[in-house]
*Asks:* 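Got a structure here, written out as structure tokens. Questions coming.
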Amino acid sequence: MAMYTAGGDIGSWADRTPVHEAAREGQILLLKELIDSGCCVNLVTVDSITPLHEACLQGQTQCAQLLITAGAQVDARNIDGSTPLCDACASGSLECVQLLLANGAKVNPPLFTASPLHEACMSGANVNAAKLHETALHHAAKVKSKDLIEMLIEFGGDVYARDNRGKKPADYTWPSSPLAKCFEYYEKTPKTLAQLCRLSLRKAIGIRGLDKVAKLNIPPRLIEYLSYN
């Protein structure tokens, strides 16, 4: 299952494309040229990494925006189950997280058990890959970012989600720490009716309909609320 470079060494970078490289390095002008020339923004590598994964993992917000505008899938999964949102949290990029959430990225993507194929790939082409079953909130907890945690929860992040070890996001914080207290507050405090309505409506509209929110025949304050402005 592993991919080899010309020199014979195993490497998960063997099939990175110029689009992946430009997104990773923040080369916005080059990335725009590649997209304008017809390059696909949803190309995947041997380990199912997309250019948007690369941009978010490096906190390259401008590149991420360009990719999304060009049709990049905001909920694409790589081989270890991570979405661009997970990668943005892992990098601690508040801007990338905000961008992805505004464009409909799922805060609580379905968690599933690794298939034999995934397991084989993870032990071959990507030996350092994490197991599946981690949400963006787990990543935010691990990088100890209170701002990320609060933003994700505001967009509907599930504080009770369990990873493959059976741990909640709060389990990756130190007892009595500010982060632990933050999770404790949200675990004990139910979402407001207004927030529940906003989340439900955004879910019903779907990713493709989010840009239509501003055109709804409702008061401007409601439009701003639905748009998280």
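Both backbone and side-chain heavy atoms feed into the values below; hydrogens, waters and symmetry mates do not. Residues: numbered from 1 along the sequence shown.
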*Asks:* Near K191 NZ, under 6.0 Å, is it more than 12 heavy atoms from other residues, nucleotides or ligands?
*Replies:*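 Counting other residues, nucleotides and ligands, NZ of K191 exceeds 12 neighbours.
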
*Asks:* Ignoring hydrogens and geometry, is there a side-chain-to-backbone donor-acceptor pair from D158 to N108 under 3.5 Å?
*Replies:*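 No; judged by distance alone, with no hydrogens or angles, the pair does not exist.
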
*Asks:* How close do V143 and A90 get, counting heavy atoms only, and between which atoms?
*Replies:*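 The answer is CG1-O, 3.4 Å.
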
*Asks:* State, yes or no, whether a side-chain contact exists between C40 and L43 at a heavy-atom distance under 4.5 Å.
*Replies:*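 C40 vs L43: side chains touch.
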
*Asks:* Could you tell me the separation between the CD atom of E134 and the CZ atom of R162, rounded to the nearest 0.5 Å?
*Replies:*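 Taking CD in E134 and CZ in R162, the distance rounds to 14.0 Å.
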
*Asks:* Heavy atoms only: give me the nearest V19-C39 pair and the separation to one decimal.
*Replies:*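 Result for this residue pair: CG2-CB, 3.7 Å.
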
*Asks:* What's the separation between atom CD1 in I28 and atom SG in C63, rounded to the nearest 0.5 Å?
*Replies:*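 The SG atom of C63 is 4.5 Å from CD1 of I28, to the nearest 0.5 Å.
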
*Asks:* Just wondering, do I68 and L52 contact through their side chains at under 4.5 Å, heavy atoms?
*Replies:*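 Contact flag for L52/I68 side chains = yes.
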
*Asks:* To the nearest 0.5 Å, what is the distance between SG (C96) and CD (Q60)?
*Replies:*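 Reported value, rounded in 0.5 Å steps: 7.5 Å.
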
*Asks:* Can you find a pair of side-chain heavy atoms, one from L100 and one from C56, that are under 4.5 Å apart?
*Replies:*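 SC-SC contact between L100 and C56 confirmed.
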
*Asks:* Take V74 and T83, measure what side-chain contact (heavy atoms from CB on, under 4.5 Å) needs, and give me the verdict at the end.
*Replies:* CA-CA 7 Å; V74 294; T83 63; over 6 Å; no

*Asks:* Go through the structure and list residues passing side-chain contact (heavy atoms from CB on, under 4.5 Å) with L30, not counting sequence neighbours.
*Replies:*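 Checked L30 against side-chain contact (heavy atoms from CB on, under 4.5 Å); matches are A22, Q27, E33, L34.
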
*Asks:* Do V41 and L66 come close enough that some side-chain heavy atom pair is under 4.5 Å?
*Replies:*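 Answer no - side chains too far apart.
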
*Asks:* Any non-hydrogen side-chain atom of L152 less than 4.5 Å from a side-chain atom of V97?
*Replies:*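 L152 reaches V97 side chain to side chain.
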
*Asks:* Would you confirm whether R202, through its side chain, and L226, through its main-chain N or O, come within 3.5 Å as a donor-acceptor pair?
*Replies:*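 Between the backbone of L226 and the side chain of R202 there is a qualifying donor-acceptor contact (under 3.5 Å).
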
*Asks:* Ignoring hydrogens, what is the shortest heavy-atom contact between L179 and A141? Give both atom names and the distance.
*Replies:*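 Nearest pair, atom of L179 first, then A141: CD1-O, 4.3 Å.
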
*Asks:* Hey, is the main chain of G71 close enough, under 3.5 Å, to the side chain of N42 for a donor-acceptor pair?
*Replies:*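 Yes: the side chain of N42 pairs with the backbone of G71.
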
*Asks:* Which is it for L85 and L101 under the side-chain contact (heavy atoms from CB on, under 4.5 Å) test, yes or no, and what are the steps along the way?
*Replies:* CA-CA 8 Å; L85 181 58; L101 291 173; 3.9 Å; yes

*Asks:* To the nearest 0.5 Å, how far apart are CD in Q62 and CG in L99?
*Replies:*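 The distance works out to 11.0 Å.
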
*Asks:* Who are the side-chain contact (heavy atoms from CB on, under 4.5 Å) partners of A194, not counting sequence neighbours?
*Replies:*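 Testing A194 for side-chain contact (heavy atoms from CB on, under 4.5 Å), a comparison that skips the adjacent residues, returns T192, Y225.
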
*Asks:* Applying side-chain contact (heavy atoms from CB on, under 4.5 Å), name anything that partners Q98, two or more places apart in sequence or on another chain.
*Replies:*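 For Q98 the side-chain contact (heavy atoms from CB on, under 4.5 Å) partners, ignoring immediate neighbours, are M151.
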
*Asks:* Donor-acceptor pairs are to be reported for all side-chain atoms of residues 204-223 against protein atoms at under 3.5 Å, with residues two or more places apart or in another chain.
*Replies:*
none

*Asks:* Is there a side-chain contact between R77 and P109, using heavy atoms and a 4.5 Å cut-off?
*Replies:*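 SC-SC contact between R77 and P109 confirmed.
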
*Asks:* Any carboxylate oxygen within less than 4.0 angstrom of a Lys/Arg side-chain nitrogen, looking at R198 and E154?
*Replies:*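 A salt bridge is present here (some side-chain N lies under 4.0 Å from a carboxylate O).
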
*Asks:* With ring-ring contact (aromatic ring centres under 6.0 Å, His included) as the rule and sequence neighbours excluded, what pairs involving residues 139-160 come up?
*Replies:*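 The answer is F155-Y228.
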
*Asks:* With a 4.5 Å heavy-atom cut-off, do Q65 and T61 have their side chains touching?
*Replies:*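 Not in contact.
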
*Asks:* Among residues at least two apart in sequence or on other chains, which ones pass side chain to side chain donor-acceptor pair (under 3.5 Å) with E150?
*Replies:*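 Testing E150 for side chain to side chain donor-acceptor pair (under 3.5 Å), a comparison that skips the adjacent residues, returns K146.
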
*Asks:* When you look at NZ of K32, are more than 12 heavy atoms from neighbouring residues, nucleotides or ligands closer to it than 6.0 Å?
*Replies:*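 Incorrect, the count does not exceed 12.
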
*Asks:* Is it true that a side-chain atom of S200 and a backbone atom of C197 form a donor plus acceptor pair closer than 3.5 Å?
*Replies:*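 No; zero donor-acceptor contacts below 3.5 Å.
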
*Asks:* State, to 0.1 Å, how close D87 and H53 come at their nearest heavy-atom pair, and which atoms those are.
*Replies:*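 Looks like OD2-CD2, 3.1 Å.
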
*Asks:* If you define the side chain from C-beta out and look only at heavy atoms, does anything of T69 sit under 4.5 Å from I35?
*Replies:*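 Of all side-chain heavy-atom pairs linking I35 with T69, none is under 4.5 Å.
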
*Asks:* Is the NZ or CZ atom of K168 positioned over F183's six-membered ring, under 6.0 angstrom from the centre and within 45° of the axis?
*Replies:*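 Negative - K168 is either too far from the ring of F183 or too far off its axis.
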
*Asks:* Is a donor on one side and an acceptor on the other found under 3.5 Å between the side chain of N78 and the backbone of S48?
*Replies:*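 No, the answer is negative, given that no donor and acceptor are paired below the 3.5 Å cut-off.
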
*Asks:* Keeping the roles fixed (side chain from S227, backbone from N229), state whether a donor-acceptor pair exists under 3.5 Å.
*Replies:*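 No; zero donor-acceptor contacts below 3.5 Å.
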
*Asks:* Hey, is the main chain of L94 close enough, under 3.5 Å, to the side chain of D147 for a donor-acceptor pair?
*Replies:*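 Such a contact is absent between D147 side chain and L94 backbone.
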
*Asks:* Would you find a donor on one side and an acceptor on the other, under 3.5 Å apart, between the side chain of T135 and the backbone of V107?
*Replies:*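 Pair absent, no side-chain N/O of T135 close to backbone of V107.
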
*Asks:* Hey, does the side chain of R16 reach the backbone of H20 with a donor-acceptor pair shorter than 3.5 angstrom?
*Replies:*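 Not at all, since once roles are kept as given, no pair shorter than 3.5 Å links the two residues.
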
*Asks:* I'd like to know whether L137 forms a side-chain contact (heavy atoms from CB on, under 4.5 Å) with I153, so could you lay out the CA-CA distance, the side-chain angles of the two residues, the decisive distance to 0.1 Å, and finally the verdict.
*Replies:* CA-CA 8 Å; L137 264 179; I153 293 174; 4.1 Å; yes

*Asks:* Under the side-chain hydrogen bond (donor to acceptor under 3.5 Å, both in side chains) criterion, do E21 and T17 qualify, and how do the steps go?
*Replies:* CA-CA 6 Å; E21 294 286 358; T17 68; over 6 Å; no

*Asks:* When rounded to the nearest 0.5 angstrom, what distance separates CG in D75 from OG1 in T50?
*Replies:*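 D75 CG to T50 OG1: 10.5 Å, rounded to 0.5 Å.
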
*Asks:* When rounded to the nearest 0.5 angstrom, what is the spacing between OG1 in T189 and CD in E184?
*Replies:*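 Going from OG1 on T189 over to CD on E184, the span is 9.5 Å.
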
*Asks:* Could you tell me whether the side chain of S82 and the main chain of C86 form a donor-acceptor pair under 3.5 Å?
*Replies:*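 The answer is no, because no donor-acceptor pair under 3.5 Å joins these two groups.
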
